[in-house]
Every structure is written in structure tokens, then in C-alpha cells.
Amino acid sequence: MTGQKVLIAYNAPRREQRGREIDYVSEAGVLDQVNAVHAALLELGYDVMLAPLQKSIPAFMERLSRIPTDVVFNLVEGWQGESRFHVHLACVYELLGAEYTGAPPPTLMMATDKWTTKMLLNQAGLPAPKGMLCSEVPGRFRLRYPVIVKPVHEDASLGIDAESVVSNLGDLRRRVAWVIQNYHQPALVEEYIEGRELNIAIIGDQIPEALPISEITFPYWPDGRPRICSYNVKWMANSEEYQSVGAECPAPLDEDTARKVQQIAIAAFRLMGCRDYARVDMRLSQDNQPYIVEVNPNPDISPDAGFSRSAQASGRSYTQLVGDIIACALKRGERHDHHSRPASRRSPAYQANFA
Ligand SMILES: Nc1ncnc2c1ncn2[C@@H]1O[C@H](COP(=O)(O)OP(=O)(O)O)[C@@H](O)[C@H]1O
Ligand SMILES: [Mg+2]
């Protein structure tokens with residue numbers, strides 16, 4: 001195993017083209033992950049190189065083609081400040097015939113679109129809050145208040161703050177207009193699930209394993225504000241919200257609820273075609289019903305992120321977590337080599353670019 005060549009691909013952070021100036025902080029967070037994954041891979045004995053994705057896609061592709069690689073560790077979260085572009089980077093690996101960690105393009109594409117995800121979950125009978133997609137400010141409305149308004153294809157709580165949760169048509173219309181204007185995309189309006197917030201980390205490829213459930217707690221939360229993981233909670237260390245939340249892993253849940261939540265998470269992982277690692281976020285309503293809020297393929301695996309907390313509770317060190325993820329991708333590479341496929345590492349694209 002040791003000595004295999006790993007290329008860490010990641011987006012070098014740059015200022016946002018749209019949204020708000022503070023949204024930059026979440027993009028810069030990718031560097032913590034890169035450093036931690038790099039150190040873990042070295043400890044595991046891999047031969048590691050870095051491939052930062054900057055402005056030029058051809059330069060990135062050239063680096064990928066030139067450096068002999070057994071597997072790409074894909075930490076690309078977007079390009080030019082747009083998270084949905086991470087899909088196209090996975091397409092680049094496919095076209096070059098490179099094996100890579102994490103989800104394939106269709107999964108990334110479906111998961112980036114919260115509306116598509118909701119329709120798929122509904123179709124499969126998996127629980128998700130009722131929702132409505134607004135490409136323009138709505139005139140009438142059938143959902144039950146309160147509702148939450150989110151950009152339909154963002155991530156990292158971009159565009160989510162205390163004003164996102166609304167309880168009347170006037171506020172709803174204002175917030176939908178704000179999302180469309182600032183994020184240049186439709187707004188997803190969803191019934192707001194009052195209750196606990198659970199994160200279910202999953203590792204594996206063909207046989208996914210749910211790790212101990214992590215709960216975001218709100219012990220010092222200011223009264224009257226909706227208990228949500230807003231942008232401030234995730235990224236703004238000086239904010240009141242950031243300082244008012246905590247995390248508990250394993251979450252204190254009765255056995256039946258924990259099992260049910262993990263089963264639903266694994267079903268969502270499979271449905272969406274996730275691979276290697278993913279995090280399913282849920283809200284547990286006050287009558288103990290789980291609702292899937294989001295499926296995150298290729299979630300944040302910074303050492304201080306929720307995923308790493310769950311890995312630790314499962315008995316894995318951070319290095320073992322990184323080792324397990326890369327082992328999934330390498331195993332998939334071996335399978336592909338045995339059952340030669342068009343874009344396998346034996347393909348003409350591979351010969352031309354990696355040999
Ligand atoms: N329907 C909902 N009910 C209650 N809280 C929600 C709902 N949707 C989102 N939230 C809150 O907002 C946070 C961010 O929403 P999410 O859809 O996960 O966006 P992002 O992709 O930006 O992380 C969630 O972690 C949760 O705290
Ligand atoms: Mg989320």
C-alpha cells in the first residue's frame with residue numbers, strides 16, 4: 001500500500017463573485033482540510049502531491065495529466081466561488097480516467113440541487129420537509145408556517161441566518177426576493193422542523209457504515225431566535241451564535257430512534273449514489289420524527305468538523321479516517337482494472353495522460 005501516489009485536488013480560495021463578502025470565510029476553510037488530509041496521508045506512507053485549482057482549468061488538467069497518480073483525493077468544493085462547479089471537476093477526473101475519492105458527478109449534481117434531492121427522497125419514501133421552489137416571489141402559499149427560505153443550490157449555510165425563518169407572507173416574499181437577488185438562483189422554501197439537529201456520518205462504498213450520530217446542541221442560544229446552523233454558527237467565530245452552540249457525539253437517543261435515523265441515512269446515501277464518505281443532516285421533530293434536511297456527499301473532513309467527531313466516536317483516529325476513505329477509492333480502482341471500463345485507468349485517456 002505505501003508508496004502509492006495520491007494527488008490532493010482542492011480549490012485555492014478566492015473572493016466570491018456574488019453573495020456577501022463574508023461568504024469568503026467558508027471557502028477559505030478548505031485549506032484546514034487540505035493540510036490535515038496531507039499530514040494524514042504522509043503518516044500513512046503515501047506519496048502525496050498537491051493540485052490546487054486556481055482560475056485556469058487547463059492548468060489544473062495539465063497538472064493532473066502530467067503527474068503520475070494512483071488516486072486523486074478530491075477536496076474540490078467549487079470553482080470561482082460557485083459550489084455547483086465541483087461537479088464538473090469530478091467529470092474531469094472521469095474523462096482523464098483517474099480514480100478519485102468521493103462521489104461521482106451525478107451524485108454531486110443531484111445533491112447540490114436541494115429541490116432535486118427532495119423529489120428523489122419523496123419518491124423513495126424517505127422523510128423530508130415539505131417544500132416549494134420559488135424562481136420568483138410567490139403570490140400565494142400553501143405550506144404550514146413557520147418556513148425556512150434557502151438558496152436552492154448553495155452549501156455551508158450561505159444565505160442562511162435568523163431572517164431565513166419566516167412566519168407570514170410579507171416576510172416570506174421579502175426573503176425570497178433577497179435570496180434571488182443576492183445568490184442569483186431560486187429559493188427553496190421548506191416547512192421549518194422545530195426540534196433537534198442530527199448529523200449522520202457514513203463511511204464506505206458498497207457496504208456503507210453509519211458512524212455514531214452527532215448532535216448539534218444549542219445550550220446558550222438566545223431566546224426567540226430559530227435554532228438553526230446559520231452561516232454565523234458555522235463560520236463566524238466572533239458571533240453570538242457561534243459561541244452559543246455545542247456538539248454531542250454520540251447523541252443521547254433511545255436505541256430505536258438511533259437505529260431508525262441511521263437506517264434512513266444509509267438509505268439516502270445509497271439512493272443518491274454517494275461513495276466513500278457522506279454526511280446526512282436531519283432534524284428530529286418534537287414528536288420524534290426524523291426529516292432529512294440535506295445529503296452531503298464529500299462533506300467537510302477538517303479535524304474539527306462533525307464528521308471527524310463521529311469518526312473518533314467510532315474508534316478511528318483522524319489518520320484512520322483519511323486512510324479508510326482513500327482505501328475505498330483504491331479498492332474501486334482495483335475493481336475497475338479487473339472489469340475494464342471505458343474510463344478505467346487502462347483506458348486510452350489514461351494511457352495518453354498518465355502513462
Ligand atoms: N426544514 C428545516 N427545518 C429546520 N431547520 C432547517 C431546515 N432546513 C435547514 N435548516 C437549518 O439550516 C441549516 C442549513 O440548511 P441546509 O439545507 O443544510 O443548507 P447548507 O447546504 O447550506 O448546509 C441546517 O443545518 C438546519 O439547522
Ligand atoms: Mg447543511
Side-chain angles (χ1 to χ4, degrees), residues 16 19-20 22-23 25-27 29 77-78 81-84 86 108-118 121-122 126-134 143-167 172 175 179 182-183 185-201 213-218 221 225-236 241-242 244-247 251 265 268 272 274 278-287 289-300 305-307:
E16 298 280 341
R20 298 167 300 170
I22 56 162
D23 292 347
V25 181
S26 72
E27 233 202 300
E77 294 182 339
E82 296 253 9
S83 48
R84 68 203 159 99
H86 69 332
L108 296 174
M109 184 157 252
M110 293 185 297
T112 306
D113 184 333
K114 293 181 200 288
W115 182 245
T116 303
T117 302
K118 189 181 294 301
L121 294 171
N122 282 342
L126 293 170
K130 285 198 185 109
M132 167 179 167
L133 187 66
C134 298
L143 300 178
R144 199 166 31 90
Y145 289 112
V147 292
I148 182 164
V149 185
K150 330 188 248 194
V152 71
H153 51 67
E154 286 303 340
D155 197 12
S157 288
L158 260 61
I160 299 182
D161 58 38
E163 314 282 300
S164 302
V165 179
V166 298
S167 297
L172 173 73
R175 191 62 185 188
V179 166
N182 282 280
Y183 291 92
Q185 59 190 280
L188 173 62
V189 182
E190 243 176 37
E191 288 188 353
Y192 176 69
I193 310 296
E194 181 68 62
R196 296 166 68 181
E197 172 120 3
L198 306 176
N199 302 145
I200 301 85
I213 300 166
S214 184
E215 176 169 7
I216 307 292
T217 57
F218 298 82
W221 198 252
R225 237 183 268 176
R227 292 166 187 245
I228 55 170
C229 293
S230 58
Y231 190 83
N232 282 355
V233 164
K234 287 186 189 166
W235 303 106
M236 303 310 280
E241 285 113 309
Y242 188 100
S244 307
V245 296
M272 300 290 288
C274 296
R279 200 191 70 233
V280 180
D281 296 340
M282 291 191 205
R283 299 281 289 202
L284 192 63
S285 69
Q286 282 161 329
D287 56 353
Q289 293 305 313
Y291 291 86
I292 299 173
V293 166
E294 206 194 3
V295 178
N296 296 285
N298 304 3
D300 185 357
F307 200 100

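Note that ligands are numbered from 1 as they come in the structure, with each ligand's atoms numbered from 1 the same way.
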S.K.: Taking the non-hydrogen atoms of R227, is any one of them nearer than 4.0 angstrom to ligand 1?
M.R.: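 So R227 does not count as touching ligand 1.
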
S.K.: Among I148, T117, I160, which one has a heavy atom closest to atom 6 (C) of ligand 1?
M.R.: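 Considering heavy atoms of I148, T117, I160, the nearest to atom 6 (C) of ligand 1 sits in I148.
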
S.K.: Any idea which part of P129 is under 4.0 Å from ligand 1, heavy-atom wise: side chain, backbone, both or neither?
M.R.: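 It is the side chain that touches ligand 1; the backbone stays farther off.
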
S.K.: Which residue holds the protein heavy atom closest to atom 3 (N) of ligand 1, what is that atom called, and what is the gap in Å?
M.R.: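 Protein heavy atom with the smallest distance to atom 3 (N) of ligand 1: I193 N, 2.9 Å.
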
S.K.: Strictly under 4.0 Å, does any heavy atom of K114 approach an atom of ligand 1?
M.R.: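 K114: in contact with ligand 1 (<4.0 Å).
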
S.K.: Among all protein heavy atoms, pick the one closest to atom 9 (C) of ligand 1 and tell me residue, atom and distance.
M.R.: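 For atom 9 (C) of ligand 1, the nearest protein heavy atom comes out as K150 NZ, 3.2 Å.
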
S.K.: Using a heavy-atom cut-off of under 4.0 Å, does the side chain or the backbone of A156 touch ligand 1, or both, or neither?
M.R.: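 Near ligand 1, A156 shows its backbone, while the atoms from C-beta on stay back.
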
S.K.: So which heavy atom in the protein is nearest atom 1 (N) of ligand 1, and how far is it from that ligand atom?
M.R.: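 Protein heavy atom at minimum distance: E190 OE1, 2.7 Å.
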
S.K.: Have S230 and N232 got a donor and an acceptor in their side chains that come within less than 3.5 Å?
M.R.: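 Looking only at side-chain atoms, N232 and S230 do not form any donor-acceptor pair under 3.5 Å.
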
S.K.: Please list the nearest protein heavy atom to atom 22 (O) of ligand 1 with its residue and the distance rounded to 0.1 Å.
M.R.: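 In this structure, atom 22 (O) of ligand 1 has S157 N, 2.5 Å as its nearest protein heavy atom.
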
S.K.: Any idea which N/O/S atom from E294 gets closest to the Mg ion (ligand 2)?
M.R.: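 Of all N, O or S atoms in E294, the Mg ion (ligand 2) lies closest to OE1.
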
S.K.: So which protein heavy atom does atom 26 (C) of ligand 1 come closest to, and at what separation?
M.R.: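 Protein heavy atom with the smallest distance to atom 26 (C) of ligand 1: E197 OE1, 3.1 Å.
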
S.K.: For atom 18 (O) of ligand 1, find the nearest protein heavy atom and state the residue, atom name and distance (0.1 Å precision).
M.R.: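 Checked against all protein heavy atoms, atom 18 (O) of ligand 1 sits closest to E294 OE1, 2.7 Å.
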
S.K.: Name the closest protein heavy atom to atom 13 (C) of ligand 1, giving the residue it belongs to and the distance to 0.1 Å.
M.R.: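 Its nearest protein heavy-atom neighbour is C229 O, 3.6 Å.
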
S.K.: Write out the residue and atom name of the closest protein heavy atom to atom 23 (O) of ligand 1, then the distance separating them to 0.1 Å.
M.R.: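 That would be K234 NZ, 2.9 Å.
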
